[in-house]
Asker: 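Attaching a single structure in structure tokens format; questions to follow.
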Amino acid sequence: MSNEQGPVAVITGAASGIGRGLAEHAAKQGMRLVLADLDAPGLQALCDELQAGGAQAMACVTDVADPAQVERLRDRAVEHFGGVDWLFNNAGVMQTGYSWEITQAQWQRMINVNLCSVINGIRSFVPLFLRQGRAAHVINTASLAGLVSSPLMAPYNVTKQAVVALSETLHYELTMLGAPVSVSVLCPGPVASEIMASNQVVDTAGTSFSQLLDSTIRQGMTPTELAVQVFVAVAENRFWIFPHKGFKPALERRVQSILEETNPQFQMTDIEEDSHAAR
Ligand SMILES: NC(=O)c1ccc[n+]([C@@H]2O[C@H](COP(=O)([O-])OP(=O)(O)OC[C@H]3O[C@@H](n4cnc5c(N)ncnc54)[C@H](O)[C@@H]3O)[C@@H](O)[C@H]2O)c1
């Protein structure tokens with residue numbers, strides 16, 4: 001593959017929100033794009049729009065929870081562009097409600113889409129990156145929920161904290177090997193997107209919390225602003241990407257409670273802090 005044509009980025013969850021913002025920004029940087037999502041019409045519309053703007057882009061309808069479909073995504077990217085340079089494991093969904101009210105199927109959906117998708121991406125693409133032997137980047141979208149837990153969003157906290165742990169482990173492993181593959185974990189606060197449309201109502205507590213989250217997210221940072229920060233961080237090979245900084249006192253309290261062995265305490269203002277910091 002010739003880099004004169006621009007590096008190739010695979011972006012999952014590209015049809016909406018953060019993924020769409022990343023795709024639009026990547027196209028402006030001259031990258032060639034492999035766009036993946038479950039939403040076939042949304043994906044095709046984005047692909048057409050980027051191509052009309054002069055970008056080289058292909059759409060590949062993919063359920064990232066299915067390992068075989070993610071392997072097919074890698075194969076199609078290699079067939080089309082000859083290789084891949086950046087992988088954004090970005091697709092994700094939301095579920096609110098009391099931990100015990102969320103059904104087994106809802107828990108499983110969250111684990112499959114938010115966590116197994118990242119495992120599938122790593123298992124399919126990292127061996128390709130190692131074979132290619134040139135610089136490559138894996139960018140996993142976690143969340144501030146990957147660092148600090150809030151009540152009424154257990155499957156989201158659980159899967160995003162697992163994505164952070166997976167990303168750290170992958171970073172250690174690739175560093176041990178001296179591989180030219182860098183890893184970043186993106187932990188945004190509120191970003192204006194459609195994620196709350198994926199929330200499945202289970203109980204009244206989850207519903208009212210969902211309404212609060214929805215309004216916080218609607219007032220969040222734009223995906224375009226977020227994408228600019230992500231690309232700067234990747235260019236600087238930064239592992240932690242924190243577009244919102246308002247969570248740090250909450251993280252500090254959490255670490256302190258672990259070190260001092262005191263009981264964790266949640267403050268509702270932590271969510272509001274992030275929303276103010278986003279504006
Ligand atoms: N919006 C926020 O405030 C926020 C904050 C922190 C982290 N995140 C994370 O950002 C990522 C992107 O979410 P968003 O906010 O842009 O939401 P979004 O709903 O606007 O976009 C998510 C995209 O993922 C796609 N998707 C869902 N399930 C899929 C599957 N199984 N296979 C392929 N594609 C699938 C959807 O069709 C959608 O296009 C998620 O991982 C989310 O958890 C979002």
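Remember, it's 1-based here, ligands and their atoms both numbered in the order they're listed. Note that this is a predicted model, so its numbers are computed, not measured.
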Asker: Between Asn90 (side chain only) and Thr12 (backbone N and O only), is there a donor and an acceptor less than 3.5 Å apart?
Answerer: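 A pair under 3.5 Å: yes.
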Asker: Quick one: do Val234 and Leu186 end up in the same hydrophobic cluster if we chain Ile, Leu, Val, Met, Phe, Trp and Tyr together by side-chain heavy atoms under 4.5 Å apart?
Answerer: yes
Asker: Checking a contact table here: which protein heavy atom is nearest atom 3 (O) of ligand 1, and how many Å away?
Answerer: Val191 N, 2.8 Å
Asker: For atom 9 (C) of ligand 1, what's the nearest protein heavy-atom neighbour? Residue, atom name and distance, please.
Answerer: Thr141 CG2, 3.5 Å
Asker: Inspect the surroundings of CZ in Arg123 and state if more than 12 heavy atoms from other residues, nucleotides or ligands are less than 6.0 Å away.
Answerer: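 Open.
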Asker: I need the nearest protein heavy-atom contact for atom 35 (C) of ligand 1: residue, atom name and distance, please.
Answerer: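 The closest heavy atom on the protein side is Ala91 CB, 3.7 Å.
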Asker: In this structure, would Trp107 and Val113 fall into the same cluster of hydrophobic residues linked by side-chain contacts under 4.5 Å?
Answerer: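 In one cluster with Trp107: Val113, no.
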Asker: List ligand 1 atoms under 4.0 Å from Asp63, heavy atoms only on the residue side.
Answerer: 30 (C), 31 (N), 32 (N)
Asker: For residues Tyr172 and Ile119: do they belong to one hydrophobic cluster (side chain heavy atoms under 4.5 Å, members Ile, Leu, Val, Met, Phe, Trp, Tyr)?
Answerer: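 Hydrophobic grouping puts Tyr172 apart from Ile119.
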Asker: Kindly determine whether Glu49 and Arg20 satisfy salt bridge (Lys or Arg N to Asp or Glu O under 4.0 Å), including the steps that lead there.
Answerer: CA-CA 11 Å; Glu49 195 182 302; Arg20 191 183 175 93; 2.8 Å; yes
Asker: Between Asn120, Asp66, Asp37, Val70, flag the one that comes closest to atom 36 (C) of ligand 1 by a heavy atom.
Answerer: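 Looking at heavy atoms only, the winner is Asp37.
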Asker: Under 3.5 Å between some N or O of ligand 1 and some N or O of Gly13?
Answerer: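 No.
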Asker: What do we get for Asn90 next to ligand 1 when only non-hydrogen atoms under 4.0 Å count, side chain, backbone, both or neither?
Answerer: both
Asker: For atom 18 (P) of ligand 1, grab the closest protein heavy atom and report residue, atom and distance to one decimal in Å.
Answerer: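 Nearest protein contact, heavy atoms only, for atom 18 (P) of ligand 1 is Ser16 OG, 3.6 Å.
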Asker: I'd like to know if the side chain of Asn112 pairs up with that of Gln108 as donor and acceptor (distance under 3.5 Å, no hydrogens or angles considered).
Answerer: yes
Asker: Give a yes/no on ligand 1: does Ala142 have at least one heavy atom closer than 4.0 angstrom to it?
Answerer: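 Yes.
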Asker: How about OH on Tyr98, more than 12 heavy atoms from neighbouring residues, nucleotides or ligands closer than 6.0 Å, or not?
Answerer: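 Counting neighbours around OH of Tyr98, 12 or fewer heavy atoms of other residues, nucleotides or ligands fall under 6.0 Å, so no.
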Asker: If you take the nearest heavy atom of each of Gly17, Ser198, Ser193, which one is closest to atom 14 (P) of ligand 1?
Answerer: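 Looking at heavy atoms only, the winner is Ser193.
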Asker: Could you tell me whether Ile217 approaches ligand 1 through its side chain, its backbone, both or neither, with non-hydrogen atoms closer than 4.0 Å?
Answerer: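 The side chain, only.
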Asker: Note the single closest protein heavy atom to atom 13 (O) of ligand 1, along with its residue, its atom name and the distance in Å.
Answerer: Ile195 CD1, 4.0 Å
Asker: Within ligand 1, which atoms have a heavy atom of Thr62 less than 4.0 Å away?
Answerer: 32 (N), 33 (C)
Asker: Any N or O on Ile18 sitting closer than 3.5 Å to an N or O of ligand 1?
Answerer: yes
Asker: Considering heavy atoms of the protein only, find what lies nearest to atom 29 (C) of ligand 1 and give residue, atom and distance to 0.1 Å.
Answerer: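 For atom 29 (C) of ligand 1, the nearest protein heavy atom comes out as Leu38 CD1, 3.8 Å.
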Asker: To check your reading of the model: name the closest protein heavy atom to atom 6 (C) of ligand 1, its residue, and the distance in Å.
Answerer: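 The closest one turns out to be Pro188 O, 3.3 Å.
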Asker: Group every Ile, Leu, Val, Met, Phe, Trp and Tyr by side-chain heavy-atom contacts under 4.5 Å, then state whether Leu130 and Val8 land in the same group.
Answerer: yes
Asker: Nearest to atom 43 (O) of ligand 1, what protein heavy atom do you find, and at what distance?
Answerer: Tyr156 OH, 2.6 Å
Asker: Assess whether salt bridge (Lys or Arg N to Asp or Glu O under 4.0 Å) is satisfied between Arg32 and Asp85, documenting all intermediate values.
Answerer: CA-CA 10 Å; Arg32 293 175 290 164; Asp85 302 281; 5.4 Å; no
Asker: Closest by any non-hydrogen atom to atom 5 (C) of ligand 1: pick that one out of Gly189, Gly21, Ser143, Pro190.
Answerer: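 The nearest heavy atom belongs to Gly189.
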Asker: Between the main-chain N or O of Leu147 and the side-chain N or O of Lys160, is there a donor-acceptor pair closer than 3.5 Å?
Answerer: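 No.
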Asker: Backbone, side chain, both or neither: what part of Lys160 comes under 4.0 angstrom of ligand 1, heavy atoms only?
Answerer: side chain
Asker: Side chain, backbone, both or neither: which part of Ser117 has a heavy atom under 4.0 Å from ligand 1?
Answerer: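 For Ser117, there is no contact with ligand 1 at all, from either part.
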Asker: Could you tell me how the ring of His171 sits relative to the ring of Phe239: parallel (under 30°), tilted (30 to 60°) or perpendicular (over 60°)?
Answerer: tilted
Asker: Hey, is the main chain of Tyr156 close enough, under 3.5 Å, to the side chain of Thr159 for a donor-acceptor pair?
Answerer: yes
Asker: Provide the number and element of each atom of ligand 1 under 4.0 Å from a heavy atom of Val113.
Answerer: 28 (N), 31 (N)
